[in-house]
Number of protein chains: 2
Amino acid sequence: MPLSEFDLIATHFAPMAAPGALSLLDDAAFLAPPAGHDLVLTKDMLVAGVHFFADDPPGMIAKKALRVNLSDLAAKGAEPLGFLLGLALPKDITDAWLAGFAYGLAEDAAAHAIPLQGGDTVRSSGPLMISVTAIGSVPAGRMVRRLAVQPGDALYVSGTIGNSAIGLQLRSQAEAEWARSLAEASRSWLLERYLLPEPRMVLAPAVQHFAHAAMDISDGFVGDLTKMLTGSGCGAEIGLAGIPLSAQVQEALRFNPALMETALTGGDDYELLVAVPPHHVAAFETAAHGAAITRIGTATDSAQGIQFLGPDRKPHRFSKGSFVHF
Amino acid sequence: MPLSEFDLIATHFAPMAAPGALSLLDDAAFLAPPAGHDLVLTKDMLVAGVHFFADDPPGMIAKKALRVNLSDLAAKGAEPLGFLLGLALPKDITDAWLAGFAYGLAEDAAAHAIPLQGGDTVRSSGPLMISVTAIGSVPAGRMVRRLAVQPGDALYVSGTIGNSAIGLQLRSQAEAEWARSLAEASRSWLLERYLLPEPRMVLAPAVQHFAHAAMDISDGFVGDLTKMLTGSGCGAEIGLAGIPLSAQVQEALRFNPALMETALTGGDDYELLVAVPPHHVAAFETAAHGAAITRIGTATDSAQGIQFLGPDRKPHRFSKGSFVHF
């Protein structure tokens, strides 16, 4: 480790710190919360070898660590206020690696107007670990819950599903026939989707104003939708044919139809699941401002459970309900 | 790992969660900040083998992880609002260990009225790591800074210095003559001081109302006081004979005078250094409400630098300025 903790912070992280973070020279930062608002607090940890590969580009690792937390804020309808960064660094981390990490982090912090408020840096005798705590705000009492779907709610998903999961498969099965059959541009795009999710901040206001419930999909579409509905005491019929898939995933499915299961149950989508009451459907779609959202079904009461219907309208069973990072 | 992440959280952590944490079943928690207040944000990470021993009692590890963050809030004059917990768990962690960890954490969270707001649990292929983000509040604009000492300020330290550092020495030198000469009660007390710091929350209001500057001592008295004064553009003469030491440390020093250096430069004191302007000295001492505080000197301008004076009033040089956890 070429730099002391003090120099490392001064060199790489102080330049992106919020004014209240006092150049990261104090024990703590101060932050004036917006009046009449609640704070929204979330924390996601990432571990090398579990949530990313240790040899991924450091700037991409930094962005992913921040973005998975931003995604939680978006799902709660919250606006970002700031974040704290915990870094446990293995001894072989170089100064160039840290520079790349900090550069990527600063880019994303600026792009999402979420300044660094503080953090801590320690040595790890194990893998690199990143612990981000993100703080956002919503008007008082307005944080959108996960387990508050009501029967009759329209169910939406943002973006497209399975890009990251298929991207991850490409890393472990680069020599498989389906992987080699993919167009080079498709392969690159899918690999990048795994590295770098796109948090749906643009949907946060629509979620805040018009949703009964929302969550971000981190552990797979099927598993997370099931959790959200079951925990809300609701059921649903979801037609698999109506789930939005990117052209690149569709291309992969043509070469290997069995990847459908991976796409729908794999993790790291970081798309939003949103339940919108019928009288707000039009307003929600308008407020999405052109961001891709797809209506995938309607919540029912819990009596019928949750059915995923194949093209033949028969219930489809997934062999693995959801992706587990833990 | 006998429990799934879901069951682990539901069993061990949900019972101590704040109402806004929604039983830890959501992606985020909400928290209504007190009107007219700033948030105070701090994060300290602890790694097994660096900040504690992996075989320390799990409840003590949990309490230390929370207390070192509480200590930062106290140093800023802040009142606790809540905390987030990140846990990276090695595979050999048992359910009994987690139960002990959660029990200790819940005890301290209740004792300090700082509810659990959320967090994340991941697997570690390396050591156990704990990342706590603590959130407190101060009246708007009133967070007490570290680097704001002014010439003429009275310099105070809370409690006694070196207990934890000598406790740590006892663990590595249990068979040394000085260690074996200590009374059993002294040995136990010092060992426990290393395991379990006492955050000086009781001093937070006095610090908030009457201090120019404050910090908590985590990296050693000499090094941290030097950082605080130098960063403030101040100097001081500090008489070593006036630094408060516990009876137990004094006992150890009688058997091994060389431990004085360890006591004053070792880490993990978690006592407060406080700079108080002359016109607030009486009010500060009254507001301490009987908590032990000792005046150790007076800040000067920076021209004379920082001198630690031995009993002969000659400057003492420490071979190692401060303890570095990093």
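Among the candidates B:Ala21, B:Ala75, B:Gly119, the residue making the largest number of heavy-atom pairs closer than 4.5 Å to chain A is B:Gly119. In terms of heavy-atom pairs under 4.5 angstrom with chain A, the leader among B:Met129, B:Met228, B:Met215 is B:Met129. Considering only heavy-atom pairs separated by less than 4.5 Å from chain A, the leading option among B:Asp38, B:Val47, B:Thr42 is B:Asp38. The greatest number of non-hydrogen atom pairs below 4.5 Å with chain A, out of B:Ser125, B:Ser131, B:Gly118, is found for B:Ser131. By number of non-hydrogen pairs under 4.5 angstrom with chain A, the leading residue of B:Ala134, B:Ala28, B:Gly126 is B:Ala28.
With a 4.5 Å cut-off on non-hydrogen atoms, B:Val40 touches chain A through its backbone and its side chain both. Contacts between B:Ile135 and chain A at a heavy-atom distance below 4.5 Å involve the side chain alone, from C-beta outward. For B:Leu31, the parts lying under 4.5 angstrom from a heavy atom of chain A are both the backbone and the side chain. Interface residue B:Ala32: backbone and side-chain heavy atoms are both found under 4.5 Å from chain A. Proximity to chain A involves both the backbone and the side chain of B:Asp216, based on heavy atoms less than 4.5 angstrom apart. Only the backbone of B:Ala214 comes within contact range of chain A, with at least one heavy atom under 4.5 Å from a heavy atom of that chain. Interface remark: B:Ala35 contributes no atoms to any contact with chain A (heavy atom separation under 4.5 Å). Proximity to chain A (any heavy atom under 4.5 Å) is restricted, for B:Met143, to the side chain, taken from C-beta onward.
A salt bridge is defined here as a Lys NZ or Arg NE, NH1 or NH2 lying under 4.0 Å from an Asp or Glu carboxylate O, and A:Lys43 with A:Asp72 fails to meet this definition. For A:Arg146 and B:Asp27, the salt-bridge test passes: some basic side-chain N is under 4.0 Å from an acidic carboxylate O. A salt bridge links A:Asp268 with A:Lys64; the closest basic N to acidic carboxylate O contact falls under 4.0 Å.
With 3.5 Å as the limit, one finds no donor-acceptor pair spanning the side chains of A:His51 and A:Asp44.
Annotation for B:Glu79: atom CD does not count as buried by contact number, only 12 or fewer foreign heavy atoms lying within 6.0 Å.
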